[in-house]
Amino acid sequence: MKNILKYLGLPVLMVGLFWSCEDLDVPITTQLTPEVFPQNSTQYIQTTGPVYSAFRGDFAFSWWWSQSLSTDEAILPARGGNWFDNRNYIAMHFHDWTADNGIIGSLWDWSSKVIGISNQTISILNQAMPAGAEKNTLISEVKTMRAISYYMLMDGYGDVPLDTLYGDFSSRPRSSRTEVFNFIEKELKKAIPNLNAASGITTYGRPNKQTANALLAKLYLNAQVYTGTQRYNDCVAACDQVIGSGLYNIEPRATYLQMFYPNNGPQMKEFIFAVPYDPIATTVGFNGQMYHARYDVPRSERAKFGLPFTPSAPRSTLPEFYAYFNDANDIRNRQWLTGLQYLNDGVTPVRVTTTKKGYDQFYTGSDGGAAFTYQVDLTPNIVPRQNTTLFDLGNDEIAWNMGYRNIKFYPDNTSTSRNQNNDVPFLRYSDVLLMKAEAILRGGSETLGQNALALVNMVRSNRTTSAAFSSITLEELYKERCREFTWEAWHRNDMIRFGKYEGQWGYKTNTDTYRRVFPIPTGARVLNPALTQNEGYPQ
């Protein structure tokens, strides 16, 4: 079993050493001080552990929910009252969320927590460590994690407070999105010379030079959205830094799906920065929560995947999004569960025995209690049969089989809990290639002898046996990104950049452009009275 402790060198006892709440800065509550701890190289590294623990803690939750449920990629309706949760999930689909939405509040709280712990850790290391290369590297790693968190905060909410000084607990107003953009850019550029140049097990789960370059590329690709000024040549240049490092390669078609298996890790050639998960670390605060199988595997297929728990499978994709998977030779099709279901032998049907009424709650025959056995058939459409207002599909087998399910992060049957071993990539090499292709299509210059078509075909040749594209447009590149990064929490970012976020899909008709940013959560404004609300939302 893969063990993230081996990669990060962070003993479990360090998890709660310097924890934080929702404020960006939190006082140290431990009796350990720089005079006692940390005092050597091992302890300096351990001091950074809470930053990674905090980031891992809600990465697969708050980040995923906010970035995917607000798009045509994923939907989470109620079924028989289950998963309604004060309308938090379905509001993301309808784009009618409020400042009290739990998902939007969690994203703010989580990213702010990582920033606060980063500030605290930087302060401790500045006090405790002697000057030198080791200190510069550790602090640069933490600052890069802080920059990633600020990127998420800025991407989600636009104007946000800039707070980097630990110990100052005064309320701070929001800085403009451009100011935050400039701060992230400056932090990453300053960090790069000090970050580790290597990739693999020695840096896995911690940012290296190319993590910073790849995030810069992401920043520049979206600069038009964030600041109103395009930076496509800068995006190309940042991508070229990653490409020129020679550290990464595209996983071939035969191993594409394995990138997301429970035994993935530093051996994956595309992972520039991934978030490690490991159920063997039983402390939730340390391990974080990675429950994709719980949410995505139909409850009828527990035996098929050998899971030690019954999954609830509330979320699925929409037909509009699944339509992008229209190449029968594409390996990425295999991340979906669709249609009639079979056990892993591909022959034996997955069958469920219930009653006629249990299969269809609207069955009106007099023999509703009679036994009924059927082969599980996952259907594409999402229909609120029980209650349109509550967007409830019903509490029968028909309802629970609505929607195609994604199992990209393949169910982990080695874990004794719902937590999975699958590490989750945040930045991948194929993303760098497609970002460069997009930047060129949008007006950036070709470099390294690579044009947009060649870059896209470089990715596609490792995904499908179909013929290469003979031309490429932004629309086709968008579809390629949909296929490549499904369930990796980049789709909201893509939809906004491609002008599709205000479109119609599923049951969504809202076209408000102000919803390209989320409202500042009510809880955040209570804690920080200096915060003002984003335009368009009730002040």
Next item on the list: Could you tell me whether K408 and D296 have a side-chain N and a carboxylate O separated by less than 4.0 Å?
Entry: no
Notebook entry, point to check: Does one side chain, of E134 or S41, offer a donor that lies under 3.5 Å from an acceptor on the other?
Noted result: yes
Check: Does a donor on one side chain and an acceptor on the other come within less than 3.5 Å for N208 and T211?
Finding: yes
Check: Quick one: is the NZ or CZ of R516 closer than 6.0 Å to the six-membered ring centre of Y501, and within 45° of its axis?
Finding: no
Check: Considering the options K508, R87, R515, which one meets the salt bridge (charged side-chain N to carboxylate O under 4.0 Å, His left out) requirement together with D96?
Finding: R87
Check: Does the side chain of R492 come under 3.5 Å of the side chain of T71 through a donor N or O and an acceptor N or O?
Finding: no
Note to self: Can you confirm whether Q258 is buried at CD, in the sense that more than 12 heavy atoms of other residues, nucleotides or ligands lie under 6.0 Å from that atom?
What the structure shows: yes
Margin query: Is the terminal nitrogen or CZ of R174 (NZ for Lys, CZ for Arg) located under 6.0 angstrom from the six-membered ring centre of Y157 and within 45° of that ring's axis?
Written below: no
Item checked: Side-chain (N101) to main-chain (I103) donor-acceptor, under 3.5 angstrom -> yes
Margin query: Quick check with a 6.0 Å cut-off and a 45 degree axis cone: is R428 positioned over the face of W490's six-membered ring?
Written below: no
Notebook entry, point to check: Do R146 and N119 have side-chain atoms, one donor and one acceptor, less than 3.5 Å apart?
Noted result: yes
Margin query: Taking H95's backbone N and O only, do any of them form a donor-acceptor pair with N510's side chain (distance below 3.5 Å, no angle check)?
Written below: yes
Next item on the list: May I ask you to check whether N421 and Y261 show a side-chain donor-acceptor distance below 3.5 Å?
Entry: no
Notebook entry, point to check: Got a sec, which residues hit ring pair (Phe, Tyr, Trp, His ring centres under 6.0 Å) with F260, two or more places apart in sequence or on another chain?
Noted result: Y256, F409
Next item on the list: Answer yes when D431 and R481 have at least one side-chain N-carboxylate O distance shorter than 4.0 Å, and no when they do not.
Entry: yes
Margin query: Please confirm whether the ring centroid of Y295 lies under 6.0 Å from the ring centroid of W65.
Written below: yes
Item checked: Nearest heavy-atom neighbours spanning Y89 and D85 -> CE1-OD2, 3.2 Å
Check: Do the rings of F273 and F426 sit parallel, tilted or perpendicular, given the 30° and 60° boundaries?
Finding: perpendicular
Notebook entry, point to check: Hey, does the Lys NZ or Arg CZ of K500 hover above the aromatic six-ring of Y478, less than 6.0 Å from the centre and inside 45° of the axis?
Noted result: yes
